[in-house]
Protein chains: 2
Amino acid sequence: MSSRRDAVHDILRSSASFRSAQDVYAQLRSDGAKIGLTTVYRALQALADGGMVDVLRTDDGESVYRACTTDSHHHHLVCRQCGSTVEVAGPDVERWAEAVGAEHGFTEVTHTVEVFGTCAECSVSRTSR
Amino acid sequence: MSSRRDAVHDILRSSASFRSAQDVYAQLRSDGAKIGLTTVYRALQALADGGMVDVLRTDDGESVYRACTTDSHHHHLVCRQCGSTVEVAGPDVERWAEAVGAEHGFTEVTHTVEVFGTCAECSVSRTSR
DNA sequence: GGCAAAATGAAAACGGTTGTCAAAATCGAC
DNA sequence: GTCGATTTTGACAACCGTTTTCATTTTGCC
């Protein structure tokens with residue numbers, strides 16, 4: 001039904017890192033696509049609502065999106081420099097969060113966990129500069 | 001030097017939950033303080049820079065601040081309803097994050113971990129309603 | 001008091017995001 | 001295929017939290 005939404009989804013699927021809406025929009029335009037910024041936002045929102053992509057907030061308040069390869073619960077290891085992202089599982093962390101919540105009488109416990117660092121590639125290019 | 005900054009800090013210290021800048025501003029004004037929104041933002045920023053308060057981003061992009069009682073690294077267990085917050089330590093999580101980073105060749109690994117839930121008090125008031 | 005430096009705050013600017021609304025594309029029945 | 005209704009689209013304006021600007025006020029110091 002929505003070729004625009006697919007186009008947005010494709011961009012995300014072909015990228016290993018989290019991308020911002022403006023970012024996706026810019027790439028679509030430079031690829032020659034005729035699409036408006038509003039539609040990109042709508043597509044990203046729909047994809048996020050449908051659980052097709054993961055959403056994160058950057059420190060400066062931007063929403064960034066990523067098409068993750070697994071449907072199950074996972075977290076992200078994100079390179080601070082290049083943004084490339086590895087999906088990681090953390091069963092211990094899940095259990096810890098649950099336990100911490102229970103310990104203080106909290107119910108319906110959820111959690112957000114993100115790990116940041118400098119990836120091997122970026123470490124190299126930085127030291128060799 | 002800065003009585004306004006102290007006023008802002010006091011508000012945070014007397015609150016168990018994370019507060020937004022606008023929120024703090026509103027309370028100060030309703031308390032009768034003559035202070036501008038700009039100054040509140042500046043005070044919060046200074047306090048955050050100095051490590052006196054912790055900062056979080058809400059899902060809708062707002063920055064929220066809290067004066068934490070411990071200087072050491074910790075995480076938060078936040079009630080989804082009333083916002084009241086418990087500081088929690090998670091040595092296992094620290095180790096896990098470090099290990100995950102190392103495993104994928106990442107260096108300078110940091111992490112963000114927040115746990116959300118419904119606190120005992122809010123659970124009660126909801127079921128009894 | 002007098003003066004320089006720092007702090008303050010009203011208003012404007014900013015930037016990402018969302019709402020508006022008319023035009024365009026799509027769908028369904030005929 | 002046409003016709004009308006519904007959905008999608010996108011240019012533009014509005015929004016909202018935050019930051020910047022800059023003139024004024026307060027503070028620290030002699």
Side-chain angles (χ1 to χ4, degrees), chain A residues 1-12 15 17-67 78 80 83 85 112 114, chain B residues 1-12 15 17-67 78 80 83 85 112 114:
Chain A
M1 45 189 70
S2 160
S3 64
R4 315 299 172 122
R5 179 167 311 174
D6 287 343
V8 168
H9 200 177
D10 286 345
I11 296 269
L12 291 182
S15 172
S17 52
F18 279 87
R19 312 287 298 273
S20 73
Q22 318 255 358
D23 194 10
V24 169
Y25 171 68
Q27 177 170 348
L28 281 167
R29 294 303 289 239
S30 81
D31 286 358
K34 268 191 88 272
I35 190 172
L37 183 54
T38 311
T39 305
V40 173
Y41 273 105
R42 272 192 290 240
L44 288 170
Q45 215 165 276
L47 289 168
D49 286 352
M52 321 284 298
V53 303
D54 284 8
V55 192
L56 234 60
R57 283 268 177 183
T58 65
D59 279 344
D60 54 322
E62 235 182 343
S63 292
V64 288
Y65 305 83
R66 183 172 188 275
V78 185
R80 223 180 268 108
T85 299
T112 68
E114 307 299 336
Chain B
M1 49 187 69
S2 160
S3 63
R4 316 299 172 122
R5 180 168 311 174
D6 287 342
V8 169
H9 201 180
D10 286 345
I11 295 270
L12 291 183
S15 172
S17 52
F18 279 87
R19 311 288 299 272
S20 73
Q22 317 256 359
D23 194 11
V24 169
Y25 172 68
Q27 178 170 347
L28 281 167
R29 294 303 289 240
S30 81
D31 285 358
K34 266 193 88 265
I35 190 171
L37 184 55
T38 312
T39 304
V40 173
Y41 273 105
R42 272 192 289 241
L44 288 171
Q45 215 165 276
L47 289 167
D49 287 351
M52 322 282 299
V53 304
D54 284 7
V55 193
L56 234 61
R57 284 267 178 185
T58 65
D59 280 344
D60 55 323
E62 235 181 344
S63 293
V64 287
Y65 305 82
R66 183 170 188 277
V78 185
R80 223 178 268 109
T85 299
T112 69
E114 308 298 338

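Residue numbers start from 1 in every chain, and the chains themselves are labelled A, B, ... in the order their sequence lines are given, proteins ahead of strands.
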Completion exercise
Walking DNA chain C from its 5' end, the first of A/Arg57 and B/Tyr25 to be reached, judged by nearest nucleotide, is B/Tyr25
Handout entry: A/Asp59 atom CG, neighbour heavy-atom count above 12 within 6.0 Å
Key = no
Handout entry: Nearest-angstrom distance from the residue atom CG of A/Asp60 to C1' of C/dC14
Key = 13 Å
Exercise for the section: Look only at the side chain of B/Ser30 and the backbone of B/Gln27, and say whether a donor-acceptor pair between them is shorter than 3.5 Å. Expected result: yes
Fill in the blank from the handout: To the nearest 0.5 Å, atom CZ of A/Arg5 lies from atom CD1 of A/Ile35 at 10.5 Å
Practice task
Give me the residues of residues 37-50 of chain A where at least one heavy atom lies under 4.0 Å from an atom of DNA chain C, by number, or none.
Solution key: A/Thr38, A/Tyr41, A/Gln45
Problem - Side-chain (A/Thr58) to main-chain (A/Leu56) donor-acceptor, under 3.5 angstrom - result: no
Fill in the blank from the handout: In short, side-chain hydrogen bond (donor to acceptor under 3.5 Å, both in side chains) pairs touching residues 38-47 of chain A with sequence neighbours left out are A/Gln22-A/Tyr41
Exercise for the section: Give the rounded distance in Å between these two atoms: CG of A/Asp59 and P of C/dG16. Expected result: 15 Å
Fill in the blank from the handout: Whole-Å distance, A/Gln22 CD to C/dG16 P, equals 5 Å
Practice task
Return no unless some side-chain N or O of B/Ser63 is found under 4.0 Å from OP1 or OP2 of D/dG17.
Solution key: no
Exercise for the section: Compare side-chain N and O positions of A/Arg4 against OP1 and OP2 of C/dA25 and report whether any pair is under 4.0 Å apart. Expected result: no
Exercise for the section: Return yes if some donor-acceptor pair links the side-chain N/O of A/Arg19 with the main-chain N/O of A/Ile11 below 3.5 Å, else return no. Expected result: no
Exercise for the section: Give, for atom CG of B/Leu47 and atom CG of B/Asp54, the distance between the pair rounded to the nearest 0.5 Å. Expected result: 11.5 Å
Practice task
Find the runs of at least 3 consecutive base pairs, i with j, i+1 with j-1 and so on, that include DNA chain D, using Watson-Crick or G-U wobble geometry with both distances under 3.5 Å.
Solution key: C:1-30 with D:1-30
Exercise for the section: Might you confirm whether atom CG of B/Asp60 has over 12 heavy atoms from other residues, nucleotides or ligands at distances under 6.0 Å? Expected result: yes
Completion exercise
CG (A/Leu12) and OG (A/Ser17) are apart, to the nearest 0.5 Å, by 9.5 Å
Practice task
Please report, rounded to the nearest Å, how far the P atom of D/dT9 is from the NZ atom of A/Lys34.
Solution key: 12 Å
Exercise for the section: Send over the distance from A/Arg5 CZ to D/dT8 P, rounded to a whole Å. Expected result: 7 Å
